[in-house]
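To start, the structure under review is shown below, and the notes come after it.
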Number of protein chains: 2
Amino acid sequence: MPARQPAKPRARRNTSEARPYHHGDLRRVLIDAALQLAAEGAEISVREAARRAAVSPGAPFRHFPNRDALMSAVAEEAQRRFRAEIEVALEQAPAADPFGRFRAFGLAYLRWARRNPAHFEIISTGRYFAHGSSAELTRDNAELIALTEGILIEAAKQGLLRPADLKRIQIAGRALVYGFARMNLDGHLSRWGVEEGEIERMAEGVIDLFIAGIAKV
Amino acid sequence: MPARQPAKPRARRNTSEARPYHHGDLRRVLIDAALQLAAEGAEISVREAARRAAVSPGAPFRHFPNRDALMSAVAEEAQRRFRAEIEVALEQAPAADPFGRFRAFGLAYLRWARRNPAHFEIISTGRYFAHGSSAELTRDNAELIALTEGILIEAAKQGLLRPADLKRIQIAGRALVYGFARMNLDGHLSRWGVEEGEIERMAEGVIDLFIAGIAKV
DNA sequence: GGGAAATGTAATCGATGATTACATAACGAA
DNA sequence: TTCGTTATGTAATCATCGATTACATTTCCC
């Protein structure tokens with residue numbers, strides 16, 4: 001693999017500067033800077049990312065045709081982390097217990113969204129760039145959808161569900177989890193009188209309520 | 001009430017212009033222009049609103065200290081319309097039928113969000129301004145929350161619910177509806193294979209599924 | 001070695017939110 | 001009616017941002 005080292009320039013011409021003219025991996029650094037900007041609650045701007053990479057304002061455009069492309073790359077990275085964390089959580093839940101898996105999925109989803117609000121916003125909102133433009137993003141997303149679908153199919157196979165259209169259950173479940181995550185993100189929960197300390201517990205309660213609602217009595 | 005007429009200026013000095021120097025009700029016109037900008041899917045910019053009001057770029061700042069204040073006023077107007085439409089829908093549903101009312105609420109909510117995506121986004125996201133700054137917005141919102149609370153209390157009083165914490169049910173229901181609205185808004189539904197024509201039906205199905213889940217069996 | 005390609009810089013453009021000094025109209029008290 | 005005060009709009013200006021272009025430097029590969 002061509003993991004280039006920064007490769008100290010052979011001849012240094014500069015009087016005092018330490019950084020070589022070429023940056024090493026500016027693309028990567030810009031994405032990380034943007035991710036951190038978001039995490040700090042700031043707007044992501046190309047210039048600020050460039051500033052943090054100690055590079056001229058025009059440099060980023062060598063790696064991204066426009067701001068949207070940077071945002072798209074940022075979203076890809078965030079979505080990768082999101083998916084990875086959920087999959088780790090699911091490894092702890094036995095495949096034979098669909099409701100346990102559903103619960104684990106929902107909790108991991110909500111926990112990540114809560115810990116990474118700005119990143120969650122970027123990957124879920126489709127306001128920062130055209131979501132269709134990234135194949136990787138689409139793939140990661142489809143993978144998560146397939147995951148929940150598999151869980152529900154298993155539940156149906158075991159005869160755990162009340163009679164209902166599977167797709168409808170799946171979408172309702174996702175809407176519930178997505179909605180809770182966004183209510184928190186958008187500051188609705190405090191307006192609903194849910195204290196910061198209660199959120200985690202309320203998340204569990206809401207998920208369990210949903211499961212009880214679809215489970216055969 | 002001091003509903004001032006535009007009050008044709010007594011003496012006209014201008015050679016050809018039709019519009020008087022003072023605008024009549026620029027504040028109102030700016031809000032409407034901004035609402036229309038949003039409805040057209042464009043970004044709301046102070047300058048563009050001023051342009052549409054045929055007024056200089058600095059004029060809006062006589063009525064709004066900054067862009068956020070304009071956005072806040074826009075949100076207030078949108079939220080007023082939102083609340084009004086939901087309340088009209090609820091008038092059609094008898095108070096004695098809580099589930100019918102819950103259903104009517106959800107459907108009216110989702111229909112408005114679907115027909116006014118940009119306005120819904122503005123009032124729900126809290127990304128465009130500080131939501132706490134508008135008392136009117138807070139009041140309209142609290143009113144809607146109280147509405148759903150009343151519905152659930154009535155359902156409990158009639159013994160229609162399975163045993164569960166009311167607040168938990170309320171938040172779950174709101175998360176479900178909010179989540180569905182946002183999934184649609186954020187383009188998730190198409191990624192989930194829900195065609196445009198199916199959305200309305202799917203919305204009903206999801207709401208009914210939730211009601212069935214909380215109803216006593 | 002040396003030329004082509006990649007990558008960064010500098011200068012510049014148009015749009016935006018915001019501020020300031022100034023112009024004009026409306027209002028109200030004498 | 002008149003005249004000063006206040007409200008409201010204009011013009012000019014600034015800093016920031018995304019984006020483009022011409023140019024400089026470095027790396028890569030034949």
Side-chain angles (χ1 to χ4, degrees), chain A residues 2-15 17-31 33-34 37-38 42-74 127-130, chain B residues 2-15 17-31 33-34 37-38 42-74 127-130:
Chain A
R4 286 200 48 68
Q5 298 297 92
K8 283 191 196 299
R10 329 186 180 186
R12 226 25 153 346
R13 45 109 189 76
N14 207 320
T15 58
E17 285 291 328
R19 188 171 61 74
Y21 188 93
H22 279 171
H23 191 288
D25 192 356
L26 182 55
R27 180 187 159 88
R28 181 73 233 165
V29 172
L30 288 170
I31 293 174
L37 272 173
E43 285 283 309
I44 295 182
S45 87
V46 178
R47 292 179 101 97
E48 181 60 25
R51 225 169 272 132
R52 298 204 173 185
V55 103
S56 78
F61 293 94
R62 290 290 176 194
H63 299 271
F64 305 97
N66 50 41
R67 181 180 183 278
D68 270 20
L70 170 60
M71 294 302 297
S72 185
V74 168
R127 186 180 309 102
Y128 301 104
F129 61 97
Chain B
R4 286 201 48 71
Q5 297 298 92
K8 281 190 197 303
R10 326 178 183 191
R12 225 26 150 345
R13 46 104 190 80
N14 207 319
T15 58
E17 286 289 328
R19 188 169 63 73
Y21 188 91
H22 280 172
H23 191 287
D25 192 356
L26 181 55
R27 181 188 159 87
R28 180 75 234 165
V29 171
L30 287 170
I31 293 174
L37 272 173
E43 285 283 309
I44 293 182
S45 87
V46 178
R47 291 181 102 95
E48 180 60 26
R51 224 170 272 132
R52 298 204 174 186
V55 102
S56 79
F61 292 95
R62 290 292 177 190
H63 298 271
F64 306 96
N66 51 41
R67 180 181 184 277
D68 271 19
L70 170 59
M71 294 301 297
S72 184
V74 167
R127 186 179 309 102
Y128 301 106
F129 61 98

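Keep in mind it's a predicted model, so treat the numbers as computed, not measured. The sequence lines fix the lettering, A, B, ..., with proteins before strands; numbering per chain opens at 1.
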Of the candidate nucleotides C:dT16, C:dT9, D:dG18, which contains the atom at the shortest distance from the side chain of B:Ser45?
C:dT16
Counting only side-chain nitrogens and oxygens, does B:His63 get under 4.0 Å of the OP1 or OP2 atom of D:dA7?
no
Upstream residue (5' side of DNA chain D) when B:Arg62 and A:Glu48 are each assigned their closest nucleotide
B:Arg62
Donor-acceptor under 3.5 Å (A:Arg67 side chain, A:Ile44 main chain)
yes
With a 4.5 Å cut-off on side-chain heavy atoms, are B:Leu30 and B:Phe64 touching?
yes
Taking side chain as C-beta onward, heavy atoms only, is B:Val46 less than 4.5 Å from B:Glu48?
no
The residue, B:Ala59 or A:Ile44, whose nearest nucleotide of DNA chain D is more 5′ is B:Ala59
Find the distance A:Leu30:CG to C:dT7:C1' and express it as a whole number of Å.
12 Å
For the pair made of CZ in A:Phe64 and C1' in D:dC17, what is the distance, rounded to whole Å?
17 Å
How would you label the contact of B:Arg27 with the nucleic acid (heavy atoms, under 4.0 Å): base, sugar-phosphate, or nothing?
nothing
Euclidean distance, atom CG of residue A:Asn66 to atom P of D:dT21 [Å, nearest integer]:
14 Å
Integer-rounded Å distance: C:dG17 C1' and B:Arg51 CZ:
12 Å
With rounding to the nearest 0.5 Å, note down the distance linking CG in A:Asn66 to CE in A:Met71.
11.5 Å
From CG of A:Leu26 over to C1' of C:dG8, roughly how many Å is that when rounded to an integer?
9 Å
Contact class for B:Arg67 vs. all strands (heavy atom < 4.0 Å): base, sugar-phosphate, or nothing?
sugar-phosphate
B:Arg28 CZ - D:dT8 P separation (whole Å)
16 Å
For A:Arg47 and C:dT9, give me the distance from atom CZ to atom P, rounded to whole Å.
13 Å
A side-chain contact here means heavy atoms from C-beta on lying under 4.5 Å apart; do A:Glu43 and A:Leu37 qualify?
no
Whole-Å gap separating C1' (D:dG9) and CG (B:Asp25):
14 Å
